[in-house]
Peer 1: 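Sharing a structure here in structure tokens format.
First listed ligand is number 1; within each ligand, the first listed atom is number 1.
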Amino acid sequence: MPNMSLVKTPMPEQEPNVRNKNFEEVSLGYTEEMAINEAKRCLNCKHMPCVSGCPVNVQIPKFIQLIAEGNFSAAAAAIKETSALPAVCGRVCPQETQCECKCVRGIKGEPVAIGRLERFAADWEMANGTNEVAPVESNGIKVAIIGAGPAGLTCAGDLAKLGYDVTIFEAFHKAGGVLVYGIPEFRLPKAIVQKEVDNLQKMGVKVMTNMVIGKVLSIDELFNDYGFKAVFVGSGAGLPSFMGIEGEGLVGVYSANEFLTRINLMKAYRDDYDTPIRKGNSVAVVGGGNVAMDAARSAKRLGAEHVYIIYRRSEAELPARQEEVHHAKEEGIEFLLLNNPVKINGDENGNVTSIECIKMELGEPDASGRRRPVAIEGSNYEVPVDTVIMSIGTSPNPLIRSTTEGLEANKWGCLVADDAMATTKEGVYAGGDAVTGAATVILAMGAGKTAAESMHKFLQEKFGK
Ligand code: FAD
Ligand code: SF4
């Protein structure tokens, strides 16, 4: 019997007032019964509009039908045909603007909970499946991947499946990119990312951490001295931007990247780690994206009484995922919308004491199509805070392009690559945030996939294997 409920089967979560004091996962996932119940809401549409909304073309009706039949292992296998990181995507993909916004059940009522079902199938497979990874015979051709984020991991996996001898060079001491240093444990448990990395290693992929390419080795050295025949650059966009306002050098001002890296990668929230972090009582987070929500919710969990999101547009323009905004509000994050910081004030010791904001109103749409925020003159006021976290965007680190001759970047510092992800230097491919600037996990994975196909074609033409 199909389930004609107009609303999604709810997913159990930790209570807001409990979870805002711990770093454990907020959403607890479907039980088998809940998953089957939700899967029965899918109409198995012949024209599959949901698939057209998925950047990696997951065969959505197929895997959902398999869940409805109780065949969870086959459902996970169906997702894995096109997606390398289903347990990750099921948790962090912006489904409401991708697959779910195309779902016909969303015309009258809520769409099918595709993300929750993807997460269920992937988690079920991790807990109950054999997780066997078939070893692949090597063709002996060495390929280097720079950066172990979703773009690099996807590219590495696809090339390893084709028989290449793949080595990932990662600057940090752990593989995973933003999935381990940016997105907090309460949204994406790190054990899940580690399992994906372990699977790659089982396939024969070598992961070399603490290897900053451009410092320890250059791309040219990888080609000339170490025998790599092609290189993929998936180095992300880890360079934070600041507003350029007075007071950004005060003690207690962080970039969101630094704040989150200390917490997630360096485990500053745990007593058994020595990583220092400021546990502010009143914290301002400037920005309205996923990164800002993660920083605000992390600051709350570190014990802050007041955490403010300061964003210059209105709620409708907030770029963060709806679910993150909803969760942040439930957890007590205060939203100062249509507000823009103009100055950070400090005391005689250089510590932050307040942030001065000006109120904004929305004018005509700008080049991005969103209504331009306009300052209301004379509306300045101060918010007393002891910590400020700047979360207004990031761009690619210039290290790789500045140490690699022939690699071109655009005016934003993003590497120039064509549709096949080929850069301006022969044998060097690039994708993910290194090319687009800060984007999404699924787009980074899609780029890693396309690059792997192009590299395979290039290497076949060059070496005939
Ligand atoms: P990254 O994940 O940044 O990985 C790049 C890797 O390259 C890093 O590990 C870095 O250490 C390494 N590296 C850099 N330079 C070098 C070098 N010179 N040598 C060797 N290694 C190097 N997207 C979503 O879809 N949903 C979300 O909910 C979401 N939330 C986010 C929350 C935060 C806090 C952040 C920061 C981003 C979020 N994103 C989200 C965006 C998403 O995580 C990124 O778009 C995605 O991770 C980009 O993947 P990537 O592989 O291109 O780069
Ligand atoms: Fe199922 Fe919705 Fe996709 Fe139709 S559009 S197949 S109902 S998930």
Peer 1: If the cut-off is 4.0 Å to any non-hydrogen atom of Phe172, which atoms of ligand 1 fall inside it?
Peer 2: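 Result: 11 (O).
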Peer 1: Does a salt bridge link Glu110 with Arg41, judged by any charged N lying under 4.0 Å from a carboxylate O?
Peer 2: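 Judged by the 4.0 Å cut-off on N to carboxylate O distance, Glu110 and Arg41 do not form a salt bridge.
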Peer 1: For atom 31 (C) of ligand 1, what's the nearest protein heavy atom and its distance?
Peer 2: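 Of every protein heavy atom, Ile183 CG1, 3.6 Å lies nearest to atom 31 (C) of ligand 1.
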Peer 1: Judged on heavy-atom distance to atom 28 (O) of ligand 1, which of Glu324, Arg187, Glu323, His173 sits nearest?
Peer 2: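 Answer by nearest heavy atom: Arg187.
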Peer 1: Counting from 1, what ligand 2 atoms have a heavy atom of Pro61 closer than 4.0 Å?
Peer 2: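 Counting from 1, the qualifying ligand atoms are 6 (S).
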Peer 1: Please compare Thr436, Asn397, Asp294 and report which has the shortest non-hydrogen distance to atom 32 (C) of ligand 1.
Peer 2: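 Among Thr436, Asn397, Asp294, the closest heavy atom to atom 32 (C) of ligand 1 belongs to Asp294.
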Peer 1: List the closest protein heavy-atom neighbour of atom 26 (N) of ligand 1: residue, atom name, distance to the nearest 0.1 Å.
Peer 2: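 Heavy-atom neighbour on the protein nearest atom 26 (N) of ligand 1: Val92 O, 2.7 Å.
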Peer 1: Are any N, O or S atoms from Cys50 nearer to atom 3 (Fe) of ligand 2 than 2.8 Å?
Peer 2: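 Coordinating: yes.
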Peer 1: In the protein, what heavy atom is nearest to atom 18 (N) of ligand 1, and what distance, to one decimal place, separates them?
Peer 2: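 Looking at atom 18 (N) of ligand 1, the protein heavy atom closest to it is Ile213 O, 2.9 Å.
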Peer 1: Counting heavy atoms only, which part of Leu443 comes closer than 4.0 Å to ligand 1: side chain, backbone, both or neither?
Peer 2: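 Neither part.
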Peer 1: Considering heavy atoms of the protein only, find what lies nearest to atom 4 (Fe) of ligand 2 and give residue, atom and distance to 0.1 Å.
Peer 2: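 The closest heavy atom on the protein side is Cys45 SG, 2.3 Å.
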Peer 1: Which atoms of ligand 2 have any heavy atom of Leu43 under 4.0 Å away?
Peer 2: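 This gives 1 (Fe), 7 (S) as the contact atoms.
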Peer 1: For Gln98 and Glu96, indicate whether the former's side chain and the latter's backbone hold a donor-acceptor pair under 3.5 Å.
Peer 2: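 Side chain of Gln98 to backbone of Glu96, a donor-acceptor pair under 3.5 Å: no, none is there.
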Peer 1: When the ring centroid of Tyr269 is compared with that of Phe23, is the distance short of 6.0 Å?
Peer 2: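 Between Tyr269 and Phe23, the centre distance is under 6.0 Å.
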Peer 1: Give me the nearest non-hydrogen protein atom to atom 22 (C) of ligand 1 as residue plus atom name, then the distance to 0.1 Å.
Peer 2: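 Heavy-atom neighbour on the protein nearest atom 22 (C) of ligand 1: Ala171 CB, 3.6 Å.
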Peer 1: What's the shortest distance from atom 38 (C) of ligand 1 to any protein heavy atom, and which residue and atom give it?
Peer 2: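 Residue, atom and distance for the closest contact: Val178 CG1, 3.9 Å.
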Peer 1: Does Arg301 make a cation-pi contact with Phe186 (under 6.0 Å, within 45 degrees of the axis)?
Peer 2: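 Output yes; distance and angle both within limits.
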